Amino acid sequence: MTNDRITFKERIYSVVGSIPKGKVLTYKAVAQLAGNSTAARAVGTCLGQIPHDSKLPWHRVINSQGKISFELGSDRFVAQKQRLQDEGVMFVGQRCNLKQYLWDL
DNA sequence: TGATTGGCCAGGG
DNA sequence: GCCCTGGCCAATC
């Protein structure tokens with residue numbers, strides 16, 4: 001098919017869009033669901049290209065340490081933290097309860 | 001086509 | 001708990 005030109009970005013979008021409310025995923029987890037467990041860095045790069053206007057819950061994607069990769073106080077950091085808290089995800093400084101909110105399939 | 005950038009993961013001090 | 005380094009992969013120019 002000529003439609004097989006789907007890039008990781010497209011696949012990542014689908015995975016991120018499948019994250020339920022109140023749950024979070026790590027970049028690595030998204031990479032695995034996208035088909036490449038070793039492309040966590042690619043996920044971060046692709047997510048960085050997603051505009052804030054996107055309907056994708058990109059804010060539900062954090063690093064494996066349960067922390068937001070953005071700079072503390074950054075525009076994205078505040079937006080992500082606020083959206084997550086609005087969904088019931090409590091944050092402690094720069095970190096959140098990964099074990100409690102991690103989307104475990 | 002080739003090289004660079006960007007960003008997370010893992011380990012060690 | 002924090003900081004630093006090396007490695008890896010995909011997208012981009």
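In what follows, chains are A, B, ... by sequence order, proteins preceding strands, each numbered from 1. Here the structure is a predicted model, which is why all the values come from computation and not from measurement.
- Looking at residues two or more places apart in sequence or on another chain, you find a side chain to side chain contact (heavy atoms under 4.5 Å, CB included) between A:Asn97 and A:Gln100, A:Tyr101.
- Atoms CZ (A:Arg11) and P (C:dA10) sit 11 Å apart, rounded to a whole Å.
- Within a 6.0 Å radius of CD in A:Glu71, other residues, nucleotides and ligands contribute 12 heavy atoms or fewer.
- The minimum heavy-atom distance between A:Tyr27 and A:Ser69, with the atom names listed, is CE1-OG, 3.6 Å.
- Remark: P of C:dC9 and CG of A:Leu47 are 18 Å apart, rounded to the nearest angstrom.
- One atom, CG of A:Asn63, and another, C1' of C:dC3, lie 15 Å apart when rounded to the nearest Å.
- In the displayed structure, A:Gln82 atom CD is contacted under 6.0 Å by at most 12 heavy atoms of other residues, nucleotides or ligands.
- The residue A:Thr45 sits close to a base: some heavy atom pair falls under 4.0 Å.
- Salt bridge annotation for A:Glu87-A:Lys23: absent, with no cationic side-chain nitrogen under 4.0 angstrom from a carboxylate oxygen.
- The residue among A:Gly44 and A:Lys28 whose nearest nucleotide of DNA chain B is located toward the 5' end is A:Gly44.
- Residue A:Arg41 has no polar side-chain atom (N or O) positioned under 4.0 Å from OP1 or OP2 of C:dA11.
- For the pair A:Gln49 CD and C:dA10 P, the interatomic distance rounds to 14 Å; values are reported in whole Å.
- Interface limits on DNA chain B: the 5'-most and 3'-most nucleotides within less than 4.0 Å of chain A heavy atoms are B:dG6 to B:dA10.
- Between the A:Ser54 side chain and the A:Ile50 main chain, no donor and acceptor come within less than 3.5 Å of each other.
- Nearer the 5' end of DNA chain C, as judged by each residue's closest nucleotide, is the contact made by A:Lys67, out of A:Lys67 and A:Ala40.
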